[in-house]
Asks: 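Please see the structure below; I have some questions.
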Amino acid sequence: MSTDSPADFRAGDDSHSHRYTADLAQQIELRWQDRWEAEHTFEAPNPAGPLADTSGLAGRPKLFVLDMFPYPSGAGLHVGHPLGYIGTDVFGRFRRMKGYNVLHAIGYDAFGLPAEQYAIQTGTHPRVTTENNIANMRRQLRRLGLAHDQRRSVSTTDEDYYRWTQWIFLQVFNSWYDHDLDRARPITELLAELESGRRTLPDGRAWPALNAVERREAIDSYRLAYVSEAPVNWCPGLGTVLANEEVTADGRSDRGNFPVFKRSMRQWMMRITAYADRLIEDLNLLEWSDSIKTMQRNWIGRSSGARVTFDSPVGPITVFTTRPDTLFGASFLVVAPEHPLVEALTTPAQAGAVTAYRAAANSKSDVARQVEDRDKTGVFTGSYATNPVNGELVPVWVADYVLMGYGTGAIMAVPCGDQRDFEFARKFGLPIPAIQMPPASWFAGHGIDPTDDTGAWPCAFDGDGTYINSVNDSISLDGERTVAEAKELIIPWLVDGGSGEGTTTYRLRDWLFARQRYWGEPFPIVYDETGMPVAIPESMLPVTLPPLDNFRPAEFDPNDASSEPDLPLGRVKEWATITLDLGDGPKEYRRDLNVMPQWAGSCWYELRYLDPTNSERFVDPEVERYWMGPQAPGDSGGVDLYVGGVEHAVLHLLYARFWHKVLFDLGHVSSREPYHRLFNQGYILAAAFKDEREVYVDALGVTEEPDGTFAFEGKPVAREWGKMGKSLKNAVAPDDMYNEYGADTLRLYEMSMGPFDTSRPWSTKDVVGMYRFLQRVWRSFVDENAGSFRVVDAPCDDATRRLLHRTMEGVAADYEGLRFNTAIAKLIELNNHITKAAAAGLEREVAVPFVQMLSPLCPHLAEELWARLGHSGSVTYEPFPLPDPALLVSDTIEYPVQVNGKVRARLTVPASASVADVEAAAIGDERVIASLDGKTPKKVIVVPGRLVNIVV
RNA sequence: GCCCGAGUGGCGGAAUGGCAGACGCGGAGGAUUCAAAAUCCUUUGUUCGCAAGGACGUGUGGGUUCGAAUCCCACCUCGGGCACCA
């Protein structure tokens, strides 16, 4: 038997000419999709500007629901992609019926590496492939019946769009971070402060004493977007540098899995580190899952501690530590091989060893340093530094377990309290003085007797213990106190003595923003004769991407760390220079030849959805305030519901929050955060099959053998599960599902598979369950043989009415909580009841709310039935049915009666029965008496409305 | 190693302190059909029993409770994130 092949499940023709078949579904669906478009059904009015229609707003609360910005793939959509889109569509449609003005749109994140690589593969210009791919994706999404406002469907590659991406870049470029006010401000205000003398430069130079070039350099050093020579991630395999966030833990590109090398290069950076604290603090304002918040906090990696200065013969060495309370236990220093003082520290006797060690460390990639050798290596420099708490001379070592990129690139080693230092000290025979006495439990846990002789310790001790040996003339930490208490004692002492200060460091680095590729937004920047960047005037935006036939990047050996970036835009000689008059007469300028990373366009797209046709501003402030403004004092504002996969936990979500905060600081938006509520939907997984060469075979061609094994073309293959996609050869196209079952069935199936936030395996053979459900629904309304409408005006019976109203209550709550799978189960139960109860015809009082409840999930079928019920308009804005509270409570209650927790009988009593009545009835029940077997009940628990439990 | 999340029938899942397995797939039996597909009806956790009915059952072991899939502790397995970050 073949598995997962749509052809095997094709709904066949049959003699019932009025049955709900795939063909009928298709007719209905296409008809309603055309009508929605013609009637502009899903266009959401703005409060101002070209999309304004204030009559449509009257009294409606707003809802902005958003899907993560999709990349229009050349392979088209598979059924895994629309899972989130269907969920947001159902929710949006439900809220429309609850009276909301709902903004739901989707656009295209079409710049970037994948689009360029696809173009290279197909030998077609990315402009062409991108447009084709977008057209195909629009077609596929339209066929799903999503209630999107088409007017708002932007693409990052549209000149009207990237003009504003460049404009925002200039806002960032023309801003600086005022740490006193804790917000970004225009660079012009900085200039004014420096000129007036209200602010002085950090290095103490006087502003009037600087020449014009020095002044520009000083200003440039404040900008939120700046060019700097710094270690970057160079990826020859992709021909570009990458942001830290785009490099995996094992030192490879997250796209393409190519090796990445640390190299020093001059590159554009964005000062996201200025926002590190706010990016952490404002997480508290957001409705995001704890796991995503934790991932962001971890990525930013804030740790508080102290900088402590150790004097040395060649000058002070500053170390960063999170445990200044352990200073008395610092028995040596370790500096990174790249530390600037290494050369000076090295004594002639040690020169050979140090030079060799540095060379070896340098030749190893970061990957090798971090992954291959966890075994500690290092060499002594020959020099000693002075521990400020006790004046002891401690040796200074060089070791590659200390990273130049974190803290100060130098550490004080406290081997008794830090496992890495402990291992290092053990290996090189360095002293391990104890400065804390661990609790007895710690010794017991390691099976040794308590001792302050660290020679007996199996590992370092990290925690609260009794401080010992931590005394000098002016301070004592000795005695029982927590780590936090000890830190509070030592930091003021360090400050008083001028040997240290409390400080905070971050793992987060500034965002490397330039890419040496073709398919991206050009920088709106030129360089003059000084080589310093100059902004292109806003009036000249957009800086359009020049046409280029040979847009391929130079091909490098992915392992060639010494290769140099080759900028495709540099090939357009006539574009690379430009004559401009920027106020001092026409001059020739060199253009910036980098392009922006793909993240740029997705950092602000939700704002453009709000006001896509505005040619004056990136978004009208009134429109932004309406859709995204804070809803109450202290509210962050932002998108009401943002749905997407968890893979953007740090990349997109961190960058977009950063840009949004800059725009907020500059007064361009009223919301502090772009995405108020984030919901991570699960993925659709699918079986993938590998043959004996470990190569994936087309899953559609795999058959299941009677013994439960799998075969492809007669040969055995092994099954595994993975995200649906091209690389695993297990993609199922939505187009096939529309053809075999219709879009409503596909929507229903995807929503019924499981909870919205968990991943679930796709199973084409299961789709038929939802198809049968819709056939039964149709059959309830339409006579399959005659084609006549079965809805009658007679009232329904009491049991049906009660079930109907319970369903109204439950389905509404499920939609609101994004529990679409249980909402569907409730609708199926109601329909299963109807098919038995309404044999003579379906009562209108059931039919009307049933269609309304079904419509968010299956809008096409619902519209069709709604029309047959006699309505001329769409069901989209009909109020969602409200249950009658009186019908939600019943006259009688059935109590299960347990004896010692096991159900032994059932008891039906009037709802008005008192606890005592229920208890008496339970004890008197003959089945209960039989179960008691003559024993006397010790206790009888009656939970009103739930059950009775008798304890013997 | 550290931090999250999850383990329930043959399968996807429901129940978040109160009748375990809603709903769907698959299986079994039946209706329809010349036959099949499709569709419809009945049934379907395991096990003992002719039956009535009983026993067992939510990864494992313990605990709290009248009562635990649900809460607590320990462990096992799987998935995700971070990882020489001082």
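So that the names make sense, note that chain A is the first sequence line, chain B the second, and so on, each numbered from 1.
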Asks: Round to a whole Å and report the spacing from CD of A/E423 to C1' of B/C84.
Replies: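 It works out to 9 Å between those atoms.
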
Asks: Starting at the 5' end of RNA chain B and moving along, which residue's nearest nucleotide shows up first, A/F320 or A/R779?
Replies: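 The 5'-side residue here is A/R779.
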
Asks: In this structure, how many angstroms lie between the C1' atom of B/C82 and the CD atom of A/Q296, rounded?
Replies: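 It works out to 14 Å between those atoms.
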
Asks: What do you reckon, are the aromatic ring centroids of A/F332 and A/F424 less than 6.0 Å apart?
Replies: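 Between A/F332 and A/F424, the centre distance is under 6.0 Å.
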
Asks: Roughly how far apart, to the nearest Å, are B/G80 and B/G30 at atom C1'?
Replies: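 Result for the C1' pair: 48 Å, nearest Å.
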
Asks: Would you please say whether a donor-acceptor pair under 3.5 Å links the side chains of A/S303 and A/Y406?
Replies: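 Result is yes, a qualifying pair exists.
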
Asks: If we call it a pair only when both distances are under 3.5 Å in a Watson-Crick or G-U wobble match, what pairs with B/G29?
Replies: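 Its partner is B/C41 (Watson-Crick or G-U wobble, both distances under 3.5 Å).
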
Asks: Say you pick atom P in B/C84 and the same atom in B/G79; how far apart are they, in whole Å?
Replies: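 One P to the other, the span is 22 Å.
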
Asks: Which is true for A/K836 with a 4.0 Å heavy-atom rule: it touches a base, it touches only sugar-phosphate, or it touches nothing?
Replies: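 It contacts sugar-phosphate atoms only.
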
Asks: Between A/W288 and A/F679, is the ring centre distance below 6.0 Å?
Replies: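 No: the rings miss the under 6.0 Å criterion.
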
Asks: Determine the Euclidean distance between corresponding P atoms of B/A35 and B/C48; express it in Å to zero decimal places.
Replies: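 Pairwise P distance, B/C48 against B/A35, rounds to 37 Å.
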
Asks: Donor-acceptor pair, A/K293 side chain versus A/L286 backbone, under 3.5 Å?
Replies: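 Answer holds: yes.
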
Asks: Whole-Å distance between B/C84 P and A/R507 CZ?
Replies: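 Rounding to the nearest Å, CZ of A/R507 and P of B/C84 are 9 Å apart.
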
Asks: Start at the 5' end of RNA chain B and walk down; is the nucleotide closest to A/D290 or to A/A410 reached first?
Replies: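 In this pair, the answer is A/D290.
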
Asks: What does nucleotides 9-24 of chain B look like as a protein-contact string, B for base, S for sugar-phosphate only, - for none, at under 4.0 angstrom between heavy atoms?
Replies: ---SSSS--BB--BSS

Asks: Using a heavy-atom cut-off of 4.0 Å across all strands, would you classify A/T505 as base, sugar-phosphate, or nothing?
Replies: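 Nothing, no heavy atom under 4.0 Å.
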
Asks: Only pairs with both distances under 3.5 Å count, Watson-Crick or wobble alike; so what is the partner of B/G24 in this structure?
Replies: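 Across all strands, the one nucleotide that pairs with B/G24 is B/C11.
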
Asks: For A/I317 and B/A86, what is the distance between atoms CD1 and C1' respectively, to the nearest whole Å?
Replies: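 After rounding, the reported distance stands at 15 Å.
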
Asks: What distance, rounded to whole Å, do you find between the two P atoms, one in B/C25 and one in B/C41?
Replies: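 Going atom to atom, P in each nucleotide, I get 11 Å.
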
Asks: Atom CG of A/D462 to atom P of B/C84: distance rounded to whole Å?
Replies: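 So the CG-P distance, A/D462 to B/C84, works out to 17 Å.
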
Asks: Looking at residues at least two apart in the chain, or sitting in another chain, which of them share a side-chain hydrogen bond (donor to acceptor under 3.5 Å, both in side chains) with A/R509?
Replies: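 Partners of A/R509 by the side-chain hydrogen bond (donor to acceptor under 3.5 Å, both in side chains) criterion come out as none, since no residue qualifies.
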
Asks: Would you tell me whether A/D421 and A/Y401 have side-chain atoms, one donor and one acceptor, within less than 3.5 Å of each other?
Replies: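 Indeed, the side chains of A/D421 and A/Y401 share at least one donor-acceptor pair under 3.5 Å.
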
Asks: Could you tell me the separation between the CZ atom of A/R19 and the P atom of B/U39, rounded to a whole number of Å?
Replies: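 Rounded to the whole Å, the gap is 7 Å.
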
Asks: So what's B/G1 paired with, Watson-Crick or G-U wobble, going by both distances under 3.5 Å?
Replies: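 B/C82 - that is the nucleotide pairing with B/G1, both distances being under 3.5 Å.
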
Asks: If I pick the C1' atom on B/G21 and the same atom on B/C56, what distance separates them, to the nearest angstrom?
Replies: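 Comparing C1' positions in B/C56 and B/G21 gives a spacing of 15 Å.
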
Asks: Take the protein atom CD1 of A/I300 and the nucleotide atom C1' of B/G81, then report the distance between them rounded to whole Å.
Replies: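 So the CD1-C1' distance, A/I300 to B/G81, works out to 15 Å.
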
Asks: Rounded to the Å, how far apart are A/L654 CG and B/G81 C1'?
Replies: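 Spelled out: CG on A/L654 to C1' on B/G81 is 15 Å.
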
Asks: Could you measure between the two P atoms, the one in B/G7 and the one in B/U58, and give it in whole Å?
Replies: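 The answer is 14 Å between these two P atoms.
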
Asks: Work out how far the C1' atom of B/G67 is from that of B/G49, and round it to whole angstrom.
Replies: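 Comparing C1' positions in B/G67 and B/G49 gives a spacing of 29 Å.
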
Asks: Is it the case that the side chains of A/T273 and A/Y506 hold a donor-acceptor pair, with the cut-off being a distance below 3.5 Å and no angle test?
Replies: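 No.
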
Asks: Which of these nucleotides, B/C84, B/G54, B/A86, is closest to any side-chain atom of A/V402?
Replies: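 For the A/V402 side chain, the nearest candidate turns out to be B/A86.
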
Asks: Between B/U44 and B/C34, how far apart are the C1' atoms? Round to whole Å, please.
Replies: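 Pairwise C1' distance, B/C34 against B/U44, rounds to 32 Å.
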
Asks: By the rule that syn is within 90° of 0, classify the base conformation of B/G9 as syn or anti.
Replies: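 Here B/G9 takes the syn form, which means its glycosidic angle is within 90° of 0.
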
Asks: Counting Watson-Crick and G-U wobble pairs only, both distances under 3.5 Å, name the nucleotide matched with B/A6, or none.
Replies: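 Checking every strand shown, B/A6 finds its partner in B/U77, with both distances under 3.5 Å.
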
Asks: Looking at the side chain of A/V951, which of B/C82, B/C66, B/U39 is the nearest nucleotide?
Replies: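 Looking only at heavy atoms from C-beta outward on A/V951, the closest nucleotide is B/C66.
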
Asks: Give a yes-or-no answer on whether the side chains of A/S780 and A/W778 include a donor-acceptor pair shorter than 3.5 Å.
Replies: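 Side-chain D/A pair, A/S780 to A/W778: absent.
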
Asks: Should the pair A/D462-A/R323 be classified as a salt bridge under the 4.0 Å nitrogen-to-oxygen rule?
Replies: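 Salt bridge flag = yes for A/R323 with A/D462.
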
Asks: With a 4.0 Å cut-off on heavy atoms, is A/R904 in touch with a base, just the backbone sugar-phosphate, or nothing at all?
Replies: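 It contacts sugar-phosphate atoms only.
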
Asks: May I ask which nucleotide in the shown strands pairs with B/A55, Watson-Crick or G-U wobble, both distances under 3.5 Å?
Replies: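 Looking at the geometry, B/A55 pairs with B/U46.
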
Asks: Check whether A/E246 reaches the backbone of A/D254 with its side chain - one donor and one acceptor, N or O, closer than 3.5 Å.
Replies: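 Not at all, since once roles are kept as given, no pair shorter than 3.5 Å links the two residues.
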
Asks: Look at the side chain of A/K939 and decide which nucleotide, out of B/U39, B/C66, B/A86, has an atom nearest to it.
Replies: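 For the A/K939 side chain, the nearest candidate turns out to be B/C66.
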
Asks: For B/C66, give its Watson-Crick or G-U wobble partner with both distances under 3.5 Å, or none.
Replies: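 Base partner found: B/G18.
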
